[in-house]
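If you read the sequence from its start, that first residue is 1, and numbering goes on from there.
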Amino acid sequence: MNENVSLPRSIDEAAQALRDGAYSVTDLTRAYLARIRALQPKINAFITVTDEHALSRAQALDDELRAGRDRGPLHGIPVVYKDNLDTAGVRSTVGSALMRARVPERDAAMVHRLSDAGMVMLGKANMSEFASGSSGVNVFYGNVHNPWDLARAPGGSSSGNGAALAADMCLTGIGTDAGGSIRQPASRCGIFGLRPTFGRVSLAGVWPRTRTLGVAGPMTRCVKDAALMMNALAGYDPDYVSSLDAPPEDFTRDLDAGVRGLRLGVIDRYTFDDIDPEVERVLRAAVDVLASLGAHIETVTIPELTGALEYSALFRDVLLYEFHEILGERYRAADKRLFGPAVHSDIERGAQVSRATYERILAERPQQSAAVKQVFGKVDALLAPVLPNVTPLQTAPPEVWALGRRFNLPFSFVGAPSVSVPCGFALGMPVGLQIVASDLQEALLLRIAAAFERATDHHLRRPPLDVQP
């Protein structure tokens, strides 16, 4: 066994080392498990660490490589799943006390796909209870801490994924996103996060926060890793009612194409409005980088983003209404001590929304989505913040964390794909640039993000953590 595995910076680097014999899948898995043991007391990124499962799986994948069976670029690569994804034989709590003993019999469709691709599950990531919240607070499993500053939160609700990646406790992870739950922790933790087009990735076997807003996607340390993950994740699933039957594609194909000649839109009275000056400074510098690479930066107007698609109304009248529909009956029948403050609040607020209000908004949705997406006749993609503020202390009140939905939920509502790419630091904390495109344009988003990544080094910076237990 190789005792001196240097943790890789990317899936590509790990894959090459595995095939060169620099280390085995088992060596790599042991190295990550050691890192998890060292940092879990500080970061609290996991609800369940699957040591025995991971090592058994790693040995089987080593045997396959020795026998000449290579499943592809994800063979032997460690992965972490948010704890709302079903994992057969491994508890899947959805971050809740109510589900503390829940052990699914089948894998979620995404887990099945990635297992077929040869990935090794290290564990189940901590998350906001029932995905309620944007801070990483969990009163039952403990709060997740941001590796860049342990007094600050990593964002949520895919908080454990974001923190684990930033702290090198894993190489990639799967998060879910309804109102920003991939993009926010990606931005807060200085990693890459992709929210695909609604329906692009199957949610079969994922506990739902909502029915019409949620997606799942990769959280990674670089853009190409996300593209490789999407190659395995995307595809039609007859068991998922909202699944899109889109043609298969290679999401790595345009990563080196650059941005010269692309039209990128800055949104008037939106992109730079009402955000912290430190965040604005970083975002303007990021836009300048893209311009220096040959992109045409154009100002566009999207009135719906400051009108009909105002985020707080969408949160209450759609997301919380659906959350109440999904969980309300079980909530009322259960011991209320099994729920934390965020869930109590979300259920109460969702119960106050009338069905008529909800149905009216859904009826208007196609028209509103079309109005927003008209802009893609003028520009190839949009540029916006992921978050308006420097990462707050974990003790900040709920209304501070709620601000994060402002630049996330409207794009979720219209179903557009978007990414958070590390673009700099404000007061020592990471900042993410959000890039948004039209339906099924994930490859374009990855192309733009990859060009920005090559021109900067933000994604290479890591928090100065002491790894000793």
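Side-chain N/O atoms of Asn138 and Asn143 include no donor and acceptor closer than 3.5 Å. Under the 3.5 Å distance criterion, with hydrogens and angles disregarded, no donor-acceptor pair is assigned to the side chains of Arg152 and Gln394.
Asp86 has its side chain out of reach of Asp107: every pair of non-hydrogen atoms, C-beta onward, lies at least 4.5 Å apart. Looking at heavy atoms from C-beta onward, Phe198 lies in side-chain contact with Ser242 at the 4.5 angstrom threshold. Counting heavy atoms from C-beta on, the side chains of Asp254 and Leu446 never come closer than 4.5 Å. Using a 4.5 Å cut-off on side-chain heavy atoms (C-beta onward), Met229 and Met119 make contact. Contact of the Val215 side chain with the Thr176 side chain is not registered, since no non-hydrogen atoms from C-beta on lie closer than 4.5 Å. Looking at Asn126 and Phe46, their side chains never come closer than 4.5 Å, going by heavy atoms from C-beta outward. Side chains of His458 and Phe452 form a contact here, defined as non-hydrogen atoms less than 4.5 Å apart. For the pair Arg66/Ser24, no side-chain contact is recorded, criterion being any heavy-atom separation below 4.5 Å from C-beta on.
The OG atom of Ser420 sits 8.5 Å away from the CG atom of Asn408 when rounded to the nearest 0.5 Å. Rounding to the nearest 0.5 angstrom, the gap separating the OG atom in Ser412 from the CG atom in Leu309 is 11.0 Å. Taking OG1 of Thr29 as the reference point, atom OH of Tyr23 lies at 10.5 Å (rounded to 0.5 Å). Between the OG1 atom in Thr87 and the CD atom in Glu105 there is a gap of 12.5 Å [rounded to 0.5 Å]. Within the model, atoms OG1 of Thr172 and CD1 of Ile77 stand 9.5 Å from one another, a figure rounded to the nearest 0.5 Å. Taking CZ from Phe315 and CZ from Phe413, the interatomic distance works out to 15.0 Å, rounded to the nearest 0.5 Å.
Residues Asn161 and Ile174 share a closest heavy-atom pair of ND2-O, 3.1 Å. Here the closest heavy-atom approach between residue Asp239 and residue Ala204 is recorded as O-CB, 4.2 Å. Contact between Ser128 and Gly156 at its shortest, heavy atoms only, is OG-CA, 4.3 Å. Looking at every heavy atom in both residues, Val386 comes nearest to Leu433 through CG2-C, 4.0 Å. The minimum heavy-atom distance between His459 and Cys222, with the atom names listed, is CD2-CB, 4.5 Å. In terms of heavy-atom proximity, Leu122 sits nearest to Pro78 at CD1-CB, 3.6 Å.
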From CA spacing to verdict: side chain to side chain donor-acceptor pair (under 3.5 Å), Lys82, Ser157 | CA-CA 9 Å; Lys82 187 175 179 179; Ser157 62; 2.7 Å; yes
**Message:** Is there a side-chain contact (heavy atoms from CB on, under 4.5 Å) between Val419 and Gln434? Walk through the geometry before answering.
**Reply:** CA-CA 5 Å; Val419 300; Gln434 183 171 201; over 6 Å; no
TODO: Show your working on side chain to side chain donor-acceptor pair (under 3.5 Å) between Ser92 and Arg102 and close with a plain yes or no.
DONE: CA-CA 6 Å; Ser92 303; Arg102 177 174 173 266; 4.6 Å; no
### Task
Assess whether side chain to side chain donor-acceptor pair (under 3.5 Å) is satisfied between Thr93 and Asp83, documenting all intermediate values.
CA-CA 6 Å; Thr93 71; Asp83 207 30; 2.5 Å; yes
Please test Arg57 against Asp62 for salt bridge (charged side-chain N to carboxylate O under 4.0 Å, His left out), starting from the C-alpha separation and ending with a verdict.
CA-CA 9 Å; Arg57 170 76 168 161; Asp62 277 330; over 6 Å; no
Report task. Run the numbers on Leu338 and Asp335 for side-chain contact (heavy atoms from CB on, under 4.5 Å), then give the verdict. Result -> CA-CA 6 Å; Leu338 295 174; Asp335 184 339; 4.2 Å; yes
How far apart are the C-alpha atoms of Arg447 and Thr252, what are their side-chain angles, what is the distance that settles it, and do they pass the side chain to side chain donor-acceptor pair (under 3.5 Å) test?
CA-CA 8 Å; Arg447 170 187 169 183; Thr252 68; over 6 Å; no
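At distances below 3.5 Å, at least one donor-acceptor pair connects side-chain atoms of Arg113 with backbone N or O atoms of Ala232. Judged by distance alone, with hydrogens and angles left aside, the side-chain atoms of Gln59 form no donor-acceptor pair with the main-chain N or O of Thr26 at under 3.5 Å. Between the His145 side chain and the Leu150 main chain, a donor and an acceptor come within less than 3.5 Å of each other. Although no hydrogens or angles enter the test, the distance criterion places a donor-acceptor pair under 3.5 Å between the side chain of Arg19 and the main chain of Ala15. Counting only distance, with no hydrogens or angles, the side chain of Asn44 and the backbone of Tyr141 share a donor-acceptor pair below 3.5 Å. Checking side-chain atoms of Glu129 against main-chain N and O of Gly95 turns up no donor-acceptor pair under 3.5 Å. A donor-acceptor contact shorter than 3.5 Å links the side chain of Thr50 to the backbone of Met121. A donor-acceptor contact shorter than 3.5 Å is absent between the side chain of Tyr236 and the backbone of Ser243.
The neighbour count for Arg337 CZ, taken as heavy atoms of other residues, nucleotides or ligands under 6.0 Å away, does not exceed 12. Remark: Glu399 CD is packed, more than 12 non-hydrogen atoms of other residues, nucleotides or ligands lying under 6.0 Å away. In the displayed structure, Arg106 atom CZ is contacted under 6.0 Å by at most 12 heavy atoms of other residues, nucleotides or ligands. Atom CZ of Arg71 has more than 12 heavy atoms from other residues, nucleotides or ligands within 6.0 Å.
By the ring-ring contact (aromatic ring centres under 6.0 Å, His included) test, Phe425 pairs with Trp148, sequence neighbours left out. Residues forming a side-chain contact (heavy atoms from CB on, under 4.5 Å) with Cys189 (at least two apart in sequence, or on another chain): Asn146, Pro154, Ala166. With sequence neighbours excluded, the residues satisfying side-chain hydrogen bond (donor to acceptor under 3.5 Å, both in side chains) with Thr197 are Glu442. In terms of the ring-ring contact (aromatic ring centres under 6.0 Å, His included) criterion, residue partners of Phe407 (sequence neighbours excluded) are, by chain and number, Tyr270. In terms of the ring-ring contact (aromatic ring centres under 6.0 Å, His included) criterion, residue partners of Tyr358 (sequence neighbours excluded) are, by chain and number, Tyr321.
Note: Tyr331 and His324 fail the aromatic proximity criterion, with ring centroids not under 6.0 Å apart.
Remark: Arg195 is not positioned above the aromatic ring of Phe411, lacking an NZ or CZ atom under 6.0 angstrom from the ring centre and at most 45 degrees off the axis. Both the sub-6.0 Å distance and the 45° axial angle are not jointly satisfied by Arg406 relative to the ring of Tyr311.
Contact check on Arg200 versus Glu249 returns a salt bridge, with a Lys/Arg side-chain nitrogen under 4.0 Å from an Asp/Glu carboxylate oxygen. Between Asp63 and Arg69 there is no salt bridge, since no side-chain N of the basic residue sits under 4.0 Å from a carboxylate O of the acidic one.
Legend: side-chain hydrogen bond (donor to acceptor under 3.5 Å, both in side chains) pairs involving residues 217-226, not counting sequence neighbours, sorted by first then second residue: Asp12-Lys224, Asp168-Arg221.
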